[in-house]
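These notes are about the structure you will find just below.
In what follows, chains carry the letters A, B, and so on, assigned in the order in which the sequence lines appear, proteins first and then strands, with residues in each chain numbered from 1.
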2 protein chains.
Amino acid sequence: MREVASLAGVSLKTVSRVVNDEAPVTPAVRERVQRAIEQLDYRHNLAASNLRRRTGRARVLGVLLQDVGNSFSSGVLRALEDACRPHQIALLAASLDEEPDRERVLVNDLVSRRVDGLVIMPATERQDYLAADLRAGLPAVFVDRHPHGIDVDSVTVDNSQGGYDAARHVLAAGHRRIAVLSDLVTIETARLRIEGVKSAVGEFGPDAEVSFHEDLRESDAAERVVGQLMSGDQPPTAVITLRNILSAGALRALREAGAVDSVALVGYDDFPLADLVGLTVIRQNVATIGAEVARLMLSRLEGATDAPRHVVVQHELVERGSGEIRPAD
Amino acid sequence: MREVASLAGVSLKTVSRVVNDEAPVTPAVRERVQRAIEQLDYRHNLAASNLRRRTGRARVLGVLLQDVGNSFSSGVLRALEDACRPHQIALLAASLDEEPDRERVLVNDLVSRRVDGLVIMPATERQDYLAADLRAGLPAVFVDRHPHGIDVDSVTVDNSQGGYDAARHVLAAGHRRIAVLSDLVTIETARLRIEGVKSAVGEFGPDAEVSFHEDLRESDAAERVVGQLMSGDQPPTAVITLRNILSAGALRALREAGAVDSVALVGYDDFPLADLVGLTVIRQNVATIGAEVARLMLSRLEGATDAPRHVVVQHELVERGSGEIRPAD
DNA sequence: TTGTAGGCGTTATCAT
DNA sequence: ATGATAACGCCTACAA
């Protein structure tokens with residue numbers, strides 16, 4: 001910048017003015033500076049600029065998701081990006097993979113990098129560790145899971161209601177032998193979905209035999225469980241998978257057992273090809289979720305200091321056939 | 001930091017030493033400083049640190065993909081992240097959506113933010129605009145598409161060979177009336193895949209009637225095209241879709257026409273549920289691609305200055321049934 | 001309209 | 001082993 005100034009025969013401050021499009025600069029001078037900039041391949045240093053600026057933020061958000069490679073996380077990221085682009089806000093994204101330690105390490109890193117705000121799909125059970133930073137004015141918005149130990153903005157879906165809706169759907173179709181597959185019960189969303197299922201069972205089928213198969217992380221695990229159930233004495237007439245990759249495993253097992261057309265299946269979370277497989281699912285609107293997160297965060301960045309807001313995005317049950325199969329008898 | 005120093009009764013430099021785990025500090029002093037840091041909720045400012053450091057990079061990579069929400073881009077991002085995490089390197093990710101202007105704007109922004117390197121899945125036809133930054137020592141690695149107008153590291157797949165393999169597969173099965181659906185031909189990868197198809201046709205079925213349907217961006221468009229073809233006089237006996245979302249559309253149209261079991265379909269790029277639909281595809285290994293990108297970039301960050309390297313990751317044809325259907329004749 | 005002085009939070013250099 | 005001082009690249013405040 002100094003070189004640019006001397007080449008253009010002006011002061012440092014004038015170059016700064018040109019770079020930042022600030023008001024009082026004669027067109028002729030501006031032109032001269034621009035030429036010097038190009039000639040020297042000068043690049044404005046945002047890091048230094050942000051260091052000196054008082055109010056000016058760095059225009060970066062830290063985004064911690066479970067897995068930027070899966071469709072839910074990456075959908076949220078994409079929606080967030082679309083909402084941030086007009087504001088020239090960049091996104092620093094990383095995956096937590098349900099590892100609490102990684103969450104704490106990454107939050108620390110992002111705070112050190114002086115991000116303007118944090119979007120977190122937490123892997124930890126409690127987030128008290130964030131208290132000091134929040135007090136210091138760091139805006140945070142939680143996605144998909146509620147904050148615990150602190151109170152900050154959040155955008156979630158009603159997982160309990162989702163589990164309830166899925167269960168009610170198959171119970172209403174007459175099913176009374178139901179298998180429920182779920183993720184790690186240490187994950188809040190998994191627990192809530194299970195709760196919802198139980199509450200629907202209590203309401204619509206207290207007589208139903210419902211077996212719960214928990215802590216299933218991979219598609220293969222779901223496939224094995226359903227495979228075993230289908231070859232048992234009393235195979236279920238309906239299966240509910242409370243996480244998308246479990247649906248894939250269940251579907252494979254049912255196909256293997258020749259039961260795709262006789263056993264009902266309702267999944268949680270949509271899939272790219274789900275319509276082609278005829279999979280009935282509880283769909284969470286990732287685009288809406290991401291957009292809501294952005295809305296909350298942007299308002300905080302603009303200085304909103306009202307009480308934390310908790311937005312709940314509606315899900316919907318998408319009927320595609322697999323969930324509408326009725327029990328044999 | 002100044003406050004920490006005075007509270008601990010030491011100099012600024014000593015605090016700096018503690019924060020950075022530098023050598024000569026007495027355990028007692030270190031302890032005292034640590035306490036002061038916690039007491040004051042002091043946070044190390046990486047931005048300022050990087051500004052002052054001579055050799056120290058900011059440990060951030062700019063990553064420009066086509067769409068962080070689609071499975072190919074997000075898979076690459078995820079693999080990249082896994083390789084960067086051990087090095088404490090963060091990722092600034094954004095989507096280009098095939099918009100050349102956005103690419104130039106975002107590159108500028110990332111350069112201003114002083115990222116240590118750029119990973120780009122380009123939307124532009126030529127990238128001469130990067131020349132100055134490259135000369136200045138900015139490492140760049142291209143993904144999925146070759147650089148034009150500059151010479152930098154790249155990790156691509158052999159799209160021409162992929163198109164060739166897909167076409168050979170259906171030609172070898174005896175098909176002679178084939179429909180080929182592709183993305184915008186302004187996209188290099190789309191052109192190369194088409195070229196590959198043509199070359200296989202020349203080799204294995206010069207007598208074949210092959211119709212090309214280009215510039216299809218959405219699933220719906222593919223569905224319409226295949227729907228029309230199927231209701232025409234001479235419906236194709238095989239369909240090749242050169243992009244994953246086109247496969248979904250084609251599949252829907254074939255199902256609609258009751259032709260899923262009579263018309264062969266080979267797609268490009270894998271899908272989460274593709275095995276369940278029995279879709280034969282040319283699979284690109286995103287994890288390998290991302291890992292190779294990281295390998296090249298990390299070696300550049302460590303100072304490698306040899307000639308640009310061009311890695312080609314092998315694809316594979318995954319037979320799942322849809323591509324192995326033989327023509328009726 | 002333009003320039004000067006000082007400092008943002010940190011680290012490098014050189015002393016002590 | 002610790003500290004004083006200058007400087008990284010830029011911007012704010014104020015003066016000219």
Can you sort out the partners of B/D144 under side-chain hydrogen bond (donor to acceptor under 3.5 Å, both in side chains), two or more places apart, ordered by chain and number?
none
B/N20 CG to C/dA12 C1': how many Å, rounded?
12 Å
Between protein and nucleotides 2-9 of chain D, map the contacts as a letter string: B base, S sugar-phosphate only, - none, heavy atoms under 4.0 Å, written 5' to 3'.
BBB-BBBB
How many whole angstroms separate atom CD of A/E22 from atom C1' of D/dC11?
8 Å
Test salt bridge (charged side-chain N to carboxylate O under 4.0 Å, His left out) applied to A/D158 - qualifying residues, sequence neighbours left out:
none
Can a donor-acceptor pair be found, under 3.5 Å and without considering hydrogens, that links the side chain of B/R59 to the backbone of B/H87?
yes
Who are the salt bridge (charged side-chain N to carboxylate O under 4.0 Å, His left out) partners of B/D128, not counting sequence neighbours?
B/R126
Distance, rounded to the nearest Å, where B/L40 contributes CG and C/dG9 contributes C1':
15 Å
side-chain hydrogen bond (donor to acceptor under 3.5 Å, both in side chains) against B/H148, all qualifying residues, sequence neighbours excluded
B/E188
The side chain to side chain contact (heavy atoms under 4.5 Å, CB included) partners of B/P122 (sequence neighbours excluded) come to B/E103, B/I120, B/T124, B/Q127, B/F142, B/R145
Once salt bridge (charged side-chain N to carboxylate O under 4.0 Å, His left out) is applied, do any residues pair with A/D41, and if so which ones, sequence neighbours excluded?
B/R135
Sequence-distant partners of A/E99, side-chain hydrogen bond (donor to acceptor under 3.5 Å, both in side chains), two or more places apart
A/R102
Terminal axis angle for the helix from C/dT1-D/dA16 to C/dT16-D/dA1, five pairs an end, nearest 10 degrees
30°
